Amino acid sequence: MNSPKARRLLPGLVFASLLPVALSVSAQEAPPPQEKGPAAADAMLHTLEVRYATPYKAMTQAEVKAVLDRVFAYLDSTTPAALISKSTGAPITDLSKPDPDAVLKPGDFRLTSYEWGVTYLGMLAAGAATGDARYTDYVQQRHQLLSQLTRTYLPVVQADVQHATAPIKSFLNPHALDDAGALCHSFMKAKLGGMTVDYSQMVKICGDFVTKQEYRLKDGTLARGGPDGKGGVKMRPLQDTLWLDDMFMGVPTIAYLGKYTGERKYYDDAVKQVLQFSKRMFNPTLGLYMHGYVEGLRDHPELRWARANGWAVMSMVEILEVLPKEHKGYNAVLAQLRAHIKGLAGYQGKDGFWHQLIDRNDTYQETSATAIYAYAIARAVNRGYVDAQMYGPMANLAWNAVAGKVLANGQIEGICVGTGMAFDPAFYAYRPTNVKAAHGYGPALLAGAEIIEMNKKLKFGLNDSGLMFQGRK
């Protein structure tokens, strides 16, 4: 039972969603036995067995939750919410006073990475969709730990930022949107959802960094490759560079600050960011974004990396959650979301996945981007942004593809590791995949949760036109 296929089998539970299935689709009744000729042959052909590599169905809530529960069990066991002594490994239970030897207890993933900001969002969504309190408790415990560590160690870092040691120093003294944006988004979403953690200091730290400290182009667009504080430039990889990733790493945080504070200026800035990123990086003919843009270059690397496009589409559905419908930019963001989803629709593969470089089928099928698209498209269906008839089946197929990559131990295969911005296709095409790449776990939780919400209220079934929307339940 050590093969990848064997590890995917649910222990003690077998359901069709994890195995290739055989499906008979009949377009008309079979002819009477005595009927012969072309009509009979045609009818027989319509009853031939069809074998799909990815299950061709809409999963039940129980089936989806079984997949999510495996992911949860793995993450809960491998991301401890505890402090230990770096030198002795002994637990540190008094968190109220700083200890220069203190570190977060090691696990498979970091509790303060941008990937874990997405994972907290996924846990919140899974808890809401399933009613299982373990998911929200996961967020409560880790956010509470981060809040306590912020109260204890922030004065230490502020007193001597260069020499101070702190278990969460990268968060207390952020240097990039990756250090702050997605975490801040998760804090505000949890708070607005009623979680009782004291988020005040944490939201101020990361909110101030995103809105006041991160480098921007002259027109205010979030960018990389700004001053390094030493008279030079941080080359990321060149001066004045836009990364599509930052549509998610910064912009939903700005929008949520509008909801969190009630100040309209944040909504205005969030809309501006979406439109200015899109003006530079969106190809309206293809309906896709390029990954990177360098201000001042005549030409730009037209490389459409899948996960970056995922960050963009996810950013827009998250912004629309809080952007007031009466805001003058609401319809523009919605139109951009629809254009992007329409573009993505043309590139989904026959087995439900999207490729690492979306428009290059010679690159591998990538799990984290497929999960993000499943989430964003299902969310767009659920909110009425796009038609259920067109996009609901696509979202279900994408989720089924992702579910097939979840192993019995809850690890997820096919996730591209962290990826910088590049100028040639080889860099993206040969990026490794690994079950320890943190980028796919939050998206998988978000996707499963949104599919549950979609299939609770909308019915999808099979007929002679395939997997079809059949109305509201």
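What you see is a predicted model, and the numbers here were worked out from it, not measured in a lab.
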Quiz item: Is the NZ atom of Lys342 crowded by more than 12 outside heavy atoms at less than 6.0 Å?
Solution: no
Self-check item: Residues Asp219, Lys272; criterion salt bridge (Lys or Arg N to Asp or Glu O under 4.0 Å); working and verdict
Solution: CA-CA 10 Å; Asp219 68 357; Lys272 180 176 75 172; over 6 Å; no
Quiz item: Any donor-acceptor pair under 3.5 Å linking the side chain of Asp208 with the backbone of Ile205?
Solution: no
Practice problem: Using modelled atom types only, decide if a donor and an acceptor are shared between the side chain of Tyr267 and the backbone of Lys259 within a distance under 3.5 Å. | Solution: yes
Quiz item: Distance from Ile377 atom CD1 to Ile372 atom CD1, nearest 0.5 Å?
Solution: 11.5 Å
Quiz item: Just checking, is any N or O donor in the side chain of Tyr373 or Asn309 under 3.5 Å from an acceptor N or O on the other one?
Solution: no
Quiz prompt | Asp198 (side chain) donor-acceptor with Ser200 (main chain) under 3.5 angstrom | solution = yes
Exercise. Could you tell me the separation between the CG atom of Leu397 and the OH atom of Tyr52, rounded to the nearest 0.5 Å?
Key: 10.0 Å
Quiz item: Hey, what do you get for CG (Asp137) to CE (Met123), rounding to the nearest 0.5 Å?
Solution: 11.0 Å
Quiz item: Counting N and O atoms only, with roles assigned by atom type, does the side chain of Trp305 sit under 3.5 Å from a partner on the main chain of Leu244, one being a donor and the other an acceptor?
Solution: no
Quiz item: Is the ring centre of Tyr428 less than 6.0 Å from the ring centre of His291?
Solution: yes
Self-check item: Summary of side chain to side chain donor-acceptor pair (under 3.5 Å) pairs that have at least one residue in residues 446-455, sequence neighbours excluded
Solution: Arg379-Glu450, Asn382-Glu450, Asn396-Asn455
Practice problem: Decide yes or no for Met421 and Pro301: does some side-chain heavy atom of the first lie under 4.5 Å from some side-chain heavy atom of the second? | Solution: yes
Exercise. Taking His300 for its side chain and Val294 for its backbone only, find out whether a donor-acceptor pair lies under 3.5 Å.
Key: yes
Quiz item: From Leu172 CG over to Gln201 CD, what is the distance, rounded to the nearest 0.5 angstrom?
Solution: 9.0 Å
Exercise. For residues Leu242 and Glu295, determine if any side-chain heavy atom of one lies less than 4.5 Å from a side-chain heavy atom of the other.
Key: no
Quiz prompt | Tyr56 and Asn400: CA distance, side-chain angles, deciding distance, side chain to side chain donor-acceptor pair (under 3.5 Å) verdict | solution = CA-CA 8 Å; Tyr56 195 51; Asn400 292 352; over 6 Å; no
Quiz item: Counting distance only, does the side-chain N/O of Thr253 pair as donor-acceptor with the main-chain N or O of Gly181 below 3.5 Å?
Solution: yes
Quiz prompt | Aromatic Tyr74 / basic Arg70 pairing, under 6.0 angstrom, 45° off normal | solution = no
Self-check item: pair Leu222-Trp243: side-chain heavy atoms closer than 4.5 Å
Solution: no
Exercise. Indicate whether the side chain of Tyr114 and that of His439 have a donor and an acceptor atom separated by less than 3.5 Å.
Key: yes
Quiz prompt | Leu83 side chain near Lys105 side chain, heavy-atom distance below 4.5 Å | solution = no
Quiz item: His143 and Phe187: aromatic ring centres closer than 6.0 Å?
Solution: yes
Exercise. Give a yes or no on whether the backbone of Leu124 and the side-chain of Thr136 come within a donor-acceptor separation of less than 3.5 Å.
Key: no
Practice problem: Establish, yes or no, whether the cationic atom of Arg110 lies under 6.0 Å from the six-membered ring centre of Trp116 and within 45° of the ring axis. | Solution: no
Quiz prompt | Any donor-acceptor N/O pair, Asn283 side chain to Thr285 backbone, under 3.5 Å | solution = yes
Quiz item: Are Asp179 and Phe209 side-chain neighbours, meaning at least one heavy-atom pair lies under 4.5 Å?
Solution: no
Practice problem: Return yes if a side-chain donor-acceptor contact under 3.5 Å exists between Gln140 and Tyr138, otherwise no. | Solution: no
Quiz item: Once you round to the nearest 0.5 Å, how far does CE of Met249 lie from CG of Asp178?
Solution: 5.5 Å
Practice problem: Start with the C-alpha distance between Lys189 and Glu318, add both sets of side-chain angles, then the distance that settles salt bridge (Lys or Arg N to Asp or Glu O under 4.0 Å), and finish with yes or no. | Solution: CA-CA 10 Å; Lys189 198 159 195 176; Glu318 288 295 319; 2.8 Å; yes
Practice problem: Would you indicate whether the side-chain heavy atoms of Tyr135 and Asp69 approach each other to under 4.5 Å? | Solution: yes
Practice problem: Quick one: pull up OG in Ser368 and CD1 in Ile415 and give me the separation to the nearest 0.5 Å. | Solution: 6.5 Å
Quiz item: Is any side-chain N of the basic residue among Arg142 and Asp76 closer than 4.0 Å to the acidic one's carboxylate O?
Solution: yes
Practice problem: Among Arg307, Arg431, Arg360, find the residue that satisfies the salt bridge (Lys or Arg N to Asp or Glu O under 4.0 Å) test when tested with Glu366. | Solution: Arg307
Practice problem: For side-chain contact (heavy atoms from CB on, under 4.5 Å), just list the numbers for Met247 and Gln273, CA-CA rounded to whole Å, side-chain angles, deciding distance to a tenth of an Å, and then say yes or no. | Solution: CA-CA 7 Å; Met247 264 185 76; Gln273 296 296 329; over 6 Å; no
Self-check item: Min side-chain heavy-atom separation Phe277-Asp246 under 4.5 Å
Solution: yes
Quiz item: For Glu302 and Arg304, what are the C-alpha separation, side-chain angles and deciding distance, and is it a salt bridge (Lys or Arg N to Asp or Glu O under 4.0 Å)?
Solution: CA-CA 6 Å; Glu302 290 275 348; Arg304 287 165 275 275; 2.5 Å; yes
Practice problem: Would you sort out whether Leu357 and His355 count as a side-chain contact (heavy atoms from CB on, under 4.5 Å), showing the intermediate values? | Solution: CA-CA 5 Å; Leu357 286 172; His355 289 268; 5.9 Å; no
Quiz item: Are Tyr441 and Phe109 close enough that their ring centres sit under 6.0 Å apart?
Solution: yes
Self-check item: Lys473 atom NZ, neighbour heavy-atom count above 12 within 6.0 Å
Solution: yes
Exercise. Could you verify whether a donor N or O on one side chain and an acceptor N or O on the other, from Arg280 and Thr221, lie under 3.5 Å apart?
Key: yes
Practice problem: Any chance you could lay out the salt bridge (Lys or Arg N to Asp or Glu O under 4.0 Å) test for Arg224 and Glu214, step after step, and finish with the verdict? | Solution: CA-CA 8 Å; Arg224 307 192 187 199; Glu214 176 63 24; 5.7 Å; no
Exercise. Determine, stepwise, if the pair Val322 / Tyr266 fulfils side-chain contact (heavy atoms from CB on, under 4.5 Å).
Key: CA-CA 11 Å; Val322 293; Tyr266 295 114; over 6 Å; no
Quiz item: Any donor and acceptor pair, going by atom type alone, linking the side chain of Thr367 with main-chain N or O of Glu413 inside 3.5 Å?
Solution: yes
Exercise. Please determine, by modelled atom types, if Gln356 and Thr363 share a side-chain donor-acceptor pair under 3.5 angstrom.
Key: no
Self-check item: Met314 side chain near Leu446 side chain, heavy-atom distance below 4.5 Å
Solution: yes
Exercise. Could you check whether the rings of Phe282 and His340 sit parallel, tilted or perpendicular, using 30° and 60° as the cut-offs?
Key: perpendicular
Quiz item: Side chains of Gln411 and Asn409: do they bring a donor and an acceptor to under 3.5 Å?
Solution: yes
Quiz item: With a cut-off of 6.0 Å (strictly less than), are more than 12 heavy atoms of other residues, nucleotides or ligands near NZ of Lys169?
Solution: yes
Quiz item: Does NZ belonging to Lys457 count more than 12 external heavy atoms closer than 6.0 Å?
Solution: yes
